[in-house]
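These values consider heavy atoms only, across backbone and side chains, with no hydrogens, waters or symmetry-generated copies.
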Amino acid sequence: MTADRSMVAGKQEGEKPELDPGPILEVDHLIMNYRTKDGYVSAVQDVSFTIGRGESLGLVGESGCGKTSIAMSLMRLLPDNAEIQAGKIVLDGDNLLELSDEEMRRRRWNDIAMIFQGAMNSWNPVYRVGDQIREAIDLHWEEKPTVAVANARIAELFELVGLDPAMMDRYPHEFSGGMKQRAVIAMALSCDPKIIIADEPTTALDVIVQEQVLEELRSIQHEFGMSIIYISHDIAVIAEITDHLGVMYAGKLVEHGLTEDVFARPRHPYAWLLLSSTPSVTGPRLNLNPLEGEPPDLLHPPTGCRFHPRCPFATDQCAAEEPPMEEIEPGHLVACWNYEQVPEMKAESA
């Protein structure tokens, strides 16, 4: 990246960038564990998915299901006790797991960037926000820009995310929560990444500001043709902003498909219960079904299907054999022996 590079090279005013065919990211049978004094925690178990250029993918599930572990694996920012034991992470044709640390450092932020969970509270309180973004630019651009060029870039980014460029000279305590989160998005965009991972990007924001921040991300994605992976426990938020949806449970991807298909007819019992237990303030009233029990201990995960101890449709086969991920409809994949028994989402009668 050169110091005077614009947001999208060759982009004219009002022109949408042309997207190359094929996926931008392919995750292939990824297995990642954490070493502990008591043994290995099976955090990510045989997860595969792809995301196309300009597309958005949501990963949802309860806390501890492996969503953030996948994100940190994609960024190769795992702690020392984490081990990627198998699989591939192919970004734009290159397997990130085969790159050296220095090669990965160059790809990070330039090709793949992340909005970290709780990042809006990580600003250094004694430095101006613009100075902190300029530090990221200085570190990751191939040519270190002049202060004037970097400030022009930050002003461009602030306008893009709905902030007054004059705010770059302010300190974090002078920003509201929503403004801090917008500044975090500006930092993530500072090196023109091809894909952004947004880990709980609206945590601790009120619902109105949540909607504003998500709308900014959606607008940026469509304008510049970048891909986004959204990570959230809030399945209602994911429904509004993603093209594809992956449902995670206990380190495994148990259902994957077009967001509208998964929401209209979830086929995995966990996805069905997750949706059935989530009330909505719009649309028809649904009969709510409780999601009972607790996620398993991933030091000693259950045999067979990891969800079978909580599943209302479990059989002896579920406890003994792990179900494969199968395509039950075009583009709709489910890992369940008894997906045909999962009922329709039924509205409550008036």
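Atom CD1 of Ile195 is separated from atom CG of Leu74 by 7.5 Å, given to the nearest 0.5 angstrom. The CD1 atom of Ile229 sits 11.0 Å away from atom CD1 of Ile196, with the distance rounded to the nearest 0.5 Å. Atom OG of residue Ser73 and atom CE of residue Met32 lie 4.0 Å apart, to the nearest 0.5 angstrom. Rounded to the nearest 0.5 angstrom, Ser232 OG and Lys67 NZ are separated by 7.5 Å. A distance of 5.5 Å separates CG in Leu291 from CG in Leu273, rounded to the nearest 0.5 Å.
Using modelled atom types, one side-chain atom of Gln132 and one backbone atom of Tyr127 make a donor-acceptor pair closer than 3.5 Å.
Side-chain atoms of Ile241 and Leu217, non-hydrogen and from C-beta on, never get closer than 4.5 Å to each other. Proximity of Leu299 to Tyr34: side-chain heavy atoms (C-beta onward) are nowhere separated by under 4.5 Å. Counting only heavy atoms from C-beta outward, the side chains of Tyr40 and Leu298 never approach each other to under 4.5 Å. Glu322 has its side chain within reach of Lys252: a pair of non-hydrogen atoms, C-beta onward, lies under 4.5 Å apart. Residues Pro165 and Ile154 fail the side-chain proximity criterion, which asks for heavy atoms closer than 4.5 Å.
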| request: Could you walk me through whether Met248 and Tyr270 pass side chain to side chain contact (heavy atoms under 4.5 Å, CB included), step by step? | output: CA-CA 9 Å; Met248 297 284 301; Tyr270 175 67; over 6 Å; no
| query | Can His29 and Asp46 be said to form a side-chain hydrogen bond (donor to acceptor under 3.5 Å, both in side chains), step by step? | reply | CA-CA 4 Å; His29 297 289; Asp46 198 27; 2.7 Å; yes
| message | Show, in sequence, the C-alpha distance, side-chain angles and deciding distance for Ile89 and Leu25, and conclude whether the side chain to side chain contact (heavy atoms under 4.5 Å, CB included) test is met. | response | CA-CA 7 Å; Ile89 300 172; Leu25 179 72; 4.0 Å; yes
| request: Determine, stepwise, if the pair Arg267 / Glu255 fulfils salt bridge (charged side-chain N to carboxylate O under 4.0 Å, His left out). | output: CA-CA 8 Å; Arg267 307 316 295 144; Glu255 185 160 0; over 6 Å; no
| For Glu211 and Arg218, what are the C-alpha separation, side-chain angles and deciding distance, and is it a salt bridge (charged side-chain N to carboxylate O under 4.0 Å, His left out)? | CA-CA 10 Å; Glu211 178 62 28; Arg218 182 163 43 197; 3.7 Å; yes
| said: What verdict does the salt bridge (charged side-chain N to carboxylate O under 4.0 Å, His left out) test give for Arg108 and Asp101, after you've listed the backbone C-alpha separation in whole Å, the side-chain angles of each residue and the deciding distance to 0.1 Å? | reply: CA-CA 10 Å; Arg108 204 178 288 127; Asp101 291 343; over 6 Å; no
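Across all their heavy atoms, Leu275 and Pro266 have their closest contact at CD1-CG, 3.6 Å. The two residues Pro302 and His308 come nearest to each other via the heavy atoms CB-CE1, 3.9 Å. Taking every heavy atom of both residues into account, Pro323 and Cys336 meet most closely at CB-N, 3.7 Å.
The only member of Glu62, Arg306, Arg310 that meets side chain to side chain donor-acceptor pair (under 3.5 Å) when paired with Tyr249 is Arg310.
In this structure, a donor-acceptor pair under 3.5 Å is absent between the side chains of Ser56 and Thr242. Between Ser219 and Glu216, the side chains place no donor N or O within less than 3.5 Å of an acceptor N or O (distance only, hydrogens not considered).
Tracing side-chain contacts under 4.5 Å through hydrophobic residues (I, L, V, M, F, W, Y), one never reaches Ile70 starting from Ile238; they form parts of separate clusters. No chain of hydrophobic side-chain contacts below 4.5 Å, direct or via other Ile, Leu, Val, Met, Phe, Trp or Tyr residues, connects Leu333 to Ile235.
Salt bridge Arg107/Asp94: present, at least one basic N to carboxylate O contact under 4.0 Å. Here Asp80 does not pair with Arg35 in a salt bridge; the nearest charged N to carboxylate O distance is not below 4.0 Å. Between Glu142 and Arg106 there is no salt bridge, since no side-chain nitrogen of the basic residue lies less than 4.0 Å from a carboxylate oxygen of the acidic one. Salt bridge annotation for Arg265-Glu344: present, with a cationic side-chain nitrogen under 4.0 angstrom from a carboxylate oxygen.
Note on ring orientation: taking the six-membered ring where Trp is involved, the planes of Phe313 and Trp272 are tilted (angle from 30° to 60°).
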